[in-house]
Amino acid sequence: MHESYDPAAVERAAQQYWDERRAFEVREDPARTKFYCLSMLPYPSGKLHMGHVRNYTIGDVLARFLRMQGHNVLQPMGWDAFGLPAENAATANGVAPAKWTRENIAHMRAQLKSLGFAIDWSREIASCDPAYYRWNQWLFLRMLEKGLAYRKTGVVNWDPADQTVLANEQVIEGRGWRTGALVEKREIPMYYLNITRYADELLEGLDALSGWPERVRVMQVNWIGRSEGCEIAFPYAADTAAVAGSAGVVKVFTTRADTLFGATFLAVAAEHPLALAAARSDARLAAFIEECRRGSIIEAEVATQAKKGMPAGLHVLHPFTGKPLPIWVANYVLMAYGEGAVMGVPAHDERDFEFALGHGLPVATVVRSPDGSYEQVQSPWIAAYGEYGVTVNSGEFSGLASKAAMETIATALELKGLGRKRVQYRLRDWGISRQRYWGCPIPVVHCAACGVVPVPDDQLPVLLPEDLVPDGSGNPLAKSPAFYECECPRCAGPARRETDTMDTFVDSSWYFLRYACPDAASMVDGRVEYWLPVDQYIGGIEHAILHLLYARFWIKVMRDLSLVSFGEPFSNLLTQGMVLNHVYSYQSDTGRKRYFNPAEVDTRRVADGREINEVVTQDLGTIQVTHEGLGKMSKMSNNGVDPEGLVARFGADTARLFIMFASPPEQTLEWSDEGVQGAWRFIRRLWTAVYEHVAAGTPPPLEPHSLTPSQRELRRLAHQTLAKATDDIGRRRNFNTAIAAVMELLNAVQRFPAATPQGCAVRQEALALAVLMLSPITPHVCHVLWLALGHTQPLIDERWPVPESEALVQETHAIVVQVNGKLRAHISVPASADEAAVRAAALAHDNVRKFVADRPVRRVVVVPGKLVNVVI
RNA sequence: GCCGACGUGGUGGAAUUGGUAGACACACUAGCUUGAGGGGCUAGCGCCGCAAGGCGUGUCGGUUCGAAUCCGACCGUCGGCACCA
């Protein structure tokens with residue numbers, strides 16, 4: 001053993017040992033308990049950032065910990081290799097996405113290996129490999145057969161300058177990010193997966209997922225958004241029937257059928273057929289609809305925009321009173337939710353209220369609060385009353401409690417054929433078509449004679465050509481006859497291959513099954529039944545809804561196709577908090593934004609206290625950039641911190657220890673490398689402690705019964721630390737406090753005078769326990785220190801130790817004494833002392849007597865082993 | 001706007017079940033060691049105060065013998081909002 005710690009040499013030795021032994025390659029073994037530890041697969045953006053390091057270190061700590069507890073642990077890794085950034089890079093640099101992606105994978109794989117993760121690399125997969133994505137296509141075809149995949153039109157962002165579809169991310173303040181052109185909406189045919197068919201099961205399944213964080217389950221519940229309510233049909237008035245060409249109804253969905261008599265208008269989406277019909281003879285309305293059409297398709301923007309509307313000049317009839325209600329076209333009504341129309345009840349709905357006030361529409365009260373505090377018309381109107389109560393002014397339905405009114409009105413509507421009770425979901429079907437090149441081709445062919453024809457299974461995979469370079473305008477596949485010209489599988493006539501590719505969420509919806517059987521000749525095989533479901537899934541909280549919901553849906557579909565036996569993919573979920581860093585941007589004249597890495601930004605304060613942020617660029621010289629605040633580390637905002645520098649300077653163990661010590665895993669972490677010194681210093685102190693201990697000679701066997709009090713005390717601390725670390729890692733997943741406890745143990749070891757042979761034996765045990773406890777977190781240095789402590793079996797094959805109950809016995813308890821809740825004294829009592837003795841000892845303390853003085857003691861609260869509170 | 005979370009010293013954080021607020025670290029200050037390097041060791045370090053003591057966990061209010069923790073309102077930050085992944 002060297003006197004000084006050399007991380008590079010230590011890490012080389014440990015990694016070489018693991019590699020030679022193929023220590024992390026695992027096989028199915030029915031005799032052993034399996035543990036599938038999975039981290040979300042990375043997008044190969046080019047370099048790792050600290051968010052990745054955090055994610056994979058958490059996974060690695062758990063994988064190594066459970067391995068030490070005797071489990072057969074699978075920890076795989078792969079690449080979410082399709083997606084937009086590769087196309088952007090291609091457009092910018094003229095490199096084909098395939099080459100760019102594969103080079104990034106090679107670099108990032110090397111970075112992951114340098115961090116020493118216990119990954120079974122023999123199972124590595126990349127979603128851009130045909131051997132993987134052919135099964136996306138295969139399952140899509142099965143879904144098509146079952147009617148679970150279907151075709152309908154959908155709305156996309158259209159950049160008229162580049163003649164291309166934009167991702168939401170590429171729309172900045174309503175303009176295309178490259179062209180600055182005003183983005184339009186465009187309706188195109190797309191494929192949808194029928195996730196809403198599984199809405200109820202996805203919702204109910206959440207109750208059983210006790211290993212998931214509550215916050216994620218709540219978010220999914222709200223996303224699915226099941227609401228029980230009523231569909232109500234408003235018959236056309238004569239003017240509407242004339243425009244529509246026949247009699248008919250406008251359907252709305254409401255959860256508040258009890259407020260039906262308070263409806264004073266009907267609002268429809270700009271895309272609603274009646275709005276379009278009315279616009280044919282109303283130029284102003286047509287202009288308004290055109291304005292809405294230019295609006296955003298992004299929900300966050302739709303929800304925050306000013307509520308605008310215009311009367312359609314048409315009417316519907318109230319289903320009970322027959323009174324005509326005006327139809328308004330409103331930008332806050334979404335065509336995608338419900339029926340694309342809502343009844344406007346200003347008195348009892350906040351949004352309707354705001355709209356009515358803005359457009360001078362009448363407000364009619366039809367609910368009063370049970371205690372009468374809200375009654376009749378307010379003057380002037382200040383707010384809607386959205387609570388339940390008792391119906392008023394509702395004809396024959398007046399005087400009913402809200403719930404009863406909903407039932408009664410629904411029944412009456414059903415009798416009239418103008419409504420029925422119905423369940424509505426907020427969840428929409430999953431649109432998977434992307435007008436992009438770098439993705440999995442959708443396996444269908446369009447034939448003039450046969451229509452849409454699925455590609456037969458024996459012609460899979462539909463291979464994605466890898467040599468195309470997108471130029472930012474349109475999909476290169478659609479400009480590549482070699483790809484799209486084909487023969488119809490049905491009639492053998494000339495046909496055109498579908499050029500849309502799949503959403504990359506498809507790739508990440510089942511990759512964890514393929515790790516179990518990466519070489520299977522079918523989509524999955526029996527090995528999946530051994531390894532799945534995933535015992536511990538770890539990934540960013542930003543995936544709480546979309547990815548996790550899509551994966552749950554996909555697995556349920558596979559179960560219903562009898563491909564797997566289970567219906568939930570992830571038994572336990574740890575949602576890692578994001579690693580944030582500052583975001584700096586520069587907006588050029590064309591409106592295009594450029595992001596600068598915080599490492600390049602020079603910040604200084606000017607006289608008036610403002611901060612000036614400057615970047616020296618090659619093309620623009622020195623420019624001032626805008627500090628946009630904090631954001632998650634991402635390629636998009638160019639604020640990632642590459643761990644490479646850290647690893648080169650301090651080694652992988654320091655990087656791992658630092659990120660795990662910085663905060664508990666679920667918490668958002670604002671990036672700063674202050675503190676990395678502490679992790680580095682700690683590992684070196686541990687190294688030195690072991691070195692000096694070993695240099696003092698081999699200690700005799702430990703004799704627990706012949707120890708001095710101070711030796712017993714250190715031994716107790718060592719075992720207490722072990723109990724805490726076991727609980728912190730195994731149950732609480734609070735790695736930072738486990739590390740802090742081991743730091744305290746090391747501090748105690750260093751203060752401990754090990755002058756005698758038994759003193760050395762106690763120290764030997766404490767150091768060995770410290771090395772074992774740290775080994776999941778800093779595996780390289782622990783590998784070397786373990787051997788240095790005289791062990792012949794390598795650490796990787798060691799078991800996680802169990803604290804000895806005898807060593808944990810405590811003879812006295814430290815009790816705090818409060819007077820009126822304020823700390824006044826510390827006392828020490830024998831562990832055997834009863835409540836009366838503790839109380840007496842507390843009251844006898846000088847300082848307690850001083851504060852009590854001659855005031856009467858009203859009450860004494862005794863918390864055994866902890867605290868006494870004297871109330872005066 | 002809606003849904004979810006978070007807010008504690010100069011900084012990261014600890015306080016696990018309502019029971020000592022600030023563990024463990026970083027930074028900083030002073031001293032020692034000098035091998036003069038991003039080395040090691042010792043001590044100090046929430047705020048006010050000479051002290052006794054008082055105040056203190058985003059803000060305001062409540063429950064309790066006792067609140068960082070529970071409840072209500074508000075403010076701020078972060079994530080998601082269906083084509084970033």
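A note on names: the letters A, B, ... follow the listed sequences, proteins ahead of strands, and every chain is numbered from 1. Both backbone and side-chain heavy atoms feed into the values below; hydrogens, waters and symmetry mates do not. What you see is a predicted model; the values in this text were computed from it and never measured.
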Inter-nucleotide P distance (B:C78, B:A85), Å rounded: 23 Å
A:Lys185 side chain near B:C83 phosphate (N/O to OP1/OP2, under 4.0 Å): no
Aromatic ring proximity A:Phe661/A:Phe735, centre distance under 6.0 Å: no
Sugar-phosphate only, base, or nothing, as touched by A:Leu580 at under 4.0 Å among non-hydrogen atoms: sugar-phosphate
Sugar-phosphate only, base, or nothing, as touched by A:Ser45 at under 4.0 Å among non-hydrogen atoms: nothing
Sugar-phosphate only, base, or nothing, as touched by A:Trp680 at under 4.0 Å among non-hydrogen atoms: nothing
CD (A:Glu350) with more than 12 external heavy atoms under 6.0 Å: no
Sugar-phosphate only, base, or nothing, as touched by A:Ala300 at under 4.0 Å among non-hydrogen atoms: base
Phosphate OP1/OP2 of B:A82: any A:Arg428 side-chain N/O under 4.0 Å: no
B:C32 - base-pair partner by Watson-Crick or wobble geometry, distances under 3.5 Å: B:G40
N or O in side chain of A:Arg685 less than 4.0 angstrom from B:C24 OP1/OP2: no
Whether A:Tyr5 and A:Trp680 hold their rings parallel, tilted or perpendicular, with breakpoints at 30° and 60°: tilted
Touch class at under 4.0 angstrom, heavy-atom based, for A:Lys724 against every strand present: base
Partner of A:Ile827 by side-chain contact (heavy atoms from CB on, under 4.5 Å), out of A:Val848, A:Ile815, A:Val816: A:Ile815
Check against side chain to side chain contact (heavy atoms under 4.5 Å, CB included), A:His582 and A:Asn639: CA-CA 7 Å; A:His582 295 277; A:Asn639 61 346; over 6 Å; no
Touch class at under 4.0 angstrom, heavy-atom based, for A:Lys822 against every strand present: sugar-phosphate
Residue-level proximity of residues 79-86 of chain A to RNA chain B when a heavy atom falls under 4.0 Å: A:Asp80, A:Gly83, A:Leu84
Partner nucleotide, any strand, of B:G53 [Watson-Crick/G-U, under 3.5 Å]: B:C48
Sugar-phosphate, base or nothing in reach of A:Met743, heavy atoms under 4.0 Å: sugar-phosphate
A:Arg859 side chain near B:C65 phosphate (N/O to OP1/OP2, under 4.0 Å): yes
Below 4.0 Å: OP1/OP2 of B:A85 and any side-chain N or O of A:Thr504: yes
N/O (side chain, A:Asn747) to phosphate O (OP1/OP2, B:C24) under 4.0 Å: no
Within 6.0 angstrom of A:Lys308 NZ, more than 12 heavy atoms from elsewhere: no
Complementary nucleotide of B:G9, counting Watson-Crick and G-U pairs under 3.5 Å: none
Residue of the set A:Ile58, A:Thr575, A:Asn734 for which side-chain contact (heavy atoms from CB on, under 4.5 Å) holds with A:Glu666: A:Thr575
B:C70: pairing nucleotide in any strand, Watson-Crick or G-U under 3.5 angstrom: B:G62
Sugar-phosphate only, base, or nothing, as touched by A:His826 at under 4.0 Å among non-hydrogen atoms: base
A:Lys47, NZ atom: more than 12 neighbouring heavy atoms under 6.0 Å: no
A:Arg684 side chain near B:G40 phosphate (N/O to OP1/OP2, under 4.0 Å): yes
Salt-bridge criterion met for A:Glu214 and A:Arg217 (N-O under 4.0 Å): yes
Selected nucleotide, minimal atom distance to A:Tyr43 side chain, candidates B:C65, B:A85, B:G19: B:A85
A:Asn869, nearest nucleotide to its side chain (from B:G19, B:G53, B:C24): B:G19
Syn/anti label of B:G13 as read from its glycosidic torsion, with the cut at 90° from 0: anti
Whole-angstrom distance between B:G53 and B:G72, as gauged at atom P: 38 Å
A:Arg434 side-chain proximity, nearest of B:C78, B:G12, B:C83: B:C83
